[in-house]
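Written out below as structure tokens is the structure these notes cover.
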Amino acid sequence: MGRPSRALLSREIIARAALEVVDESGADGLTMRALADRLGVKAASLYNHVTGKDELLDALAELVNAEIDLSPLAPDDGGEEGRDWRERLAEYARGYRAAFIRHPNTIALLARRRVEAERQLLGYDALLAALGRAGLAPADAAEAAAALDYLVLGSALETFTAGFTRPVPEYRPGYPALAGALEASAERGGGPGGLDERGFELALRLLLDGLAARL
């Protein structure tokens, strides 16, 4: 008998299909029926691989978090002299944010639920260990990790720039400070997302400098 033409289902195949559904249709679009339709199977067959929505979301979290590079959080092996902990944490934070900018619709699904995916747990453990090596006490490290989460996920979810859709001159009569700020920011370049990037980098720098001041 020949091989089946359709790939067999697995937890990973289902999770990847779920990620595609969320990327395309948003958090509300992820249903077991929509997922089954994408995979070309009956919804009941999905339950042979995931027990329900909670396990599906854990698998989804595993996929997205696997895109985050944890190497900047690893102990320094001596080969990066002069690269302090703030620079390494900043590199990690940028990679963390980039993963969720690629998949912003997953934030609504993952940000307020349990942390159970192995890759999520490894990420938080690596981050807290790095903050500990920088000199933060465990309770301070936990607060710093939470603050970094708020900054990264908030900036991946919200775009400051895209909220102002009128031509800048239309804001000037009633909101002159806003118009002036938008105009000056545009002169710094970077296109429509330039202000968002600079805002994130400013907040990240202030956070890391603030932590350094506590040490």
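In this text, all values refer to a predicted model and were calculated from it rather than measured experimentally.
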Inset, instruction - Could you tell me whether the side chain of Leu56 reaches within less than 4.5 Å of the side chain of Arg11, counting heavy atoms only? - result: no
Inset, instruction - Identify the two heavy atoms, one from Leu128 and one from Ala145, that lie closest to each other, and give their separation to 0.1 Å. - result: CD2-CB, 3.9 Å
Legend entry - Co-members of Ile101 in a cluster of I, L, V, M, F, W and Y side chains, linked at under 4.5 Å: none
Legend entry - Smallest separation among heavy atoms of Ala18 and Leu60, with atom names: C-CD1, 4.0 Å
Legend entry - side-chain hydrogen bond (donor to acceptor under 3.5 Å, both in side chains) contacts touching residues 60-72 (sequence neighbours left out): Glu67-Arg102, Glu67-His103, Asp69-Ser71
Inset, instruction - Kindly give the heavy-atom pair with the smallest separation between Leu153 and Ala111, and that separation in Å. - result: CD1-CB, 4.5 Å
Inset, instruction - Output, in order, the C-alpha distance, side-chain angles, deciding distance and verdict of side chain to side chain contact (heavy atoms under 4.5 Å, CB included) for Leu89 and Leu131. - result: CA-CA 9 Å; Leu89 282 173; Leu131 290 167; 3.6 Å; yes
Legend entry - Derivation and outcome, side chain to side chain contact (heavy atoms under 4.5 Å, CB included), residues Ser45 and Leu9: CA-CA 9 Å; Ser45 65; Leu9 286 180; 3.8 Å; yes
Legend entry - Nearest atoms (heavy-atom pairs only) where Pro176 meets Pro173: CD-O, 4.4 Å
Inset, instruction - Answer whether the closest heavy-atom distance between the side chains of Leu63 and Thr106 falls below 4.5 Å. - result: no
Inset, instruction - Provide the closest heavy-atom pair for Leu148 versus Ala93 in the form atom of the first, atom of the second, distance. - result: CD1-CB, 4.0 Å
Inset, instruction - List in chain and number order the residues that pass side-chain contact (heavy atoms from CB on, under 4.5 Å) with Ala181, two or more places apart in sequence or in another chain; answer none if no residue qualifies. - result: none
Inset, instruction - Could you grab the distance from atom OG1 of Thr51 to atom CG of Leu46, nearest 0.5 Å is fine? - result: 12.0 Å
Inset, instruction - Taking side-chain contact (heavy atoms from CB on, under 4.5 Å) as the test, write out the residues that go with Ala212, two or more places apart. - result: Trp85, Arg86
Legend entry - Trace of the side chain to side chain contact (heavy atoms under 4.5 Å, CB included) decision for His49 with Glu55: CA-CA 9 Å; His49 304 277; Glu55 188 176 346; over 6 Å; no
Inset, instruction - Under the side-chain hydrogen bond (donor to acceptor under 3.5 Å, both in side chains) rule, collect the residues that match up with Asn105, sequence neighbours excluded. - result: none
Legend entry - salt bridge (Lys or Arg N to Asp or Glu O under 4.0 Å) contacts touching residues 13-30 (sequence neighbours left out): Glu12-Arg16, Glu20-Arg38, Glu24-Arg38
Inset, instruction - Give the cluster check for Tyr92 versus Leu206: same hydrophobic cluster or not, with ILVMFWY residues linked at side-chain heavy-atom distances below 4.5 Å. - result: no
Legend entry - Residue pairs involving residues 125-163 (criterion ring pair (Phe, Tyr, Trp, His ring centres under 6.0 Å); sequence neighbours excluded): Phe160-Phe164
Inset, instruction - Measure the CG-CZ distance between Leu178 and Arg166 for me, rounded to the nearest 0.5 Å. - result: 9.0 Å
Inset, instruction - Any chance you could measure Leu215, atom CG, to Leu136, atom CG, to the nearest 0.5 Å? - result: 5.0 Å
Legend entry - Nearest-0.5 Å distance, CG of residue Asn48 to CD1 of residue Ile14: 8.5 Å
For residues 197-205, dump all side-chain donor-acceptor pairs below 3.5 Å to protein atoms at least two apart in sequence or in another chain.
residue	atom	partner	partner atom	Å
Glu197	OE1	Arg97	NH1	3.2
Glu197	OE2	Arg97	NH1	3.1
Arg198	NH1	Gly189	O	2.8
Arg198	NH2	Ser185	O	3.0
Arg198	NH2	Ser185	OG	2.9
Glu201	OE1	Arg94	NE	3.4
Glu201	OE1	Arg94	NH2	3.0
Glu201	OE2	Arg94	NE	2.8

Inset, instruction - Can you run down the side-chain hydrogen bond (donor to acceptor under 3.5 Å, both in side chains) pairs that involve residues 131-148, sequence neighbours left out, and say none if there aren't any? - result: Asp140-Arg214
Legend entry - Non-neighbouring partners of Phe100 that pass ring pair (Phe, Tyr, Trp, His ring centres under 6.0 Å), sequence neighbours left out: Tyr96
Legend entry - Rounded distance (nearest 0.5 Å) linking atom CG of Leu39 with atom CD1 of Ile13: 8.0 Å
Legend entry - Spatial distance of atom OG1 (Thr161) from atom CG (Leu195) [nearest 0.5 Å]: 4.0 Å
Inset, instruction - Would you confirm whether Ser155, through its side chain, and Val152, through its main-chain N or O, come within 3.5 Å as a donor-acceptor pair? - result: yes
Legend entry - Pairs meeting criterion side-chain hydrogen bond (donor to acceptor under 3.5 Å, both in side chains) with involvement of residues 111-120, two or more places apart: Asp54-Arg113, Asp58-Arg113, Asp58-Arg114
Inset, instruction - Looking only at non-hydrogen atoms, find the nearest pair between Ala130 and Leu73 and report the distance. - result: CB-O, 3.8 Å
Legend entry - Check: Thr31 and Val21 side chains under 4.5 Å, non-hydrogen atoms: no
Legend entry - Listed partners of Val168 passing side-chain contact (heavy atoms from CB on, under 4.5 Å), at least two apart: Arg172, Ala179, Leu182, Glu183
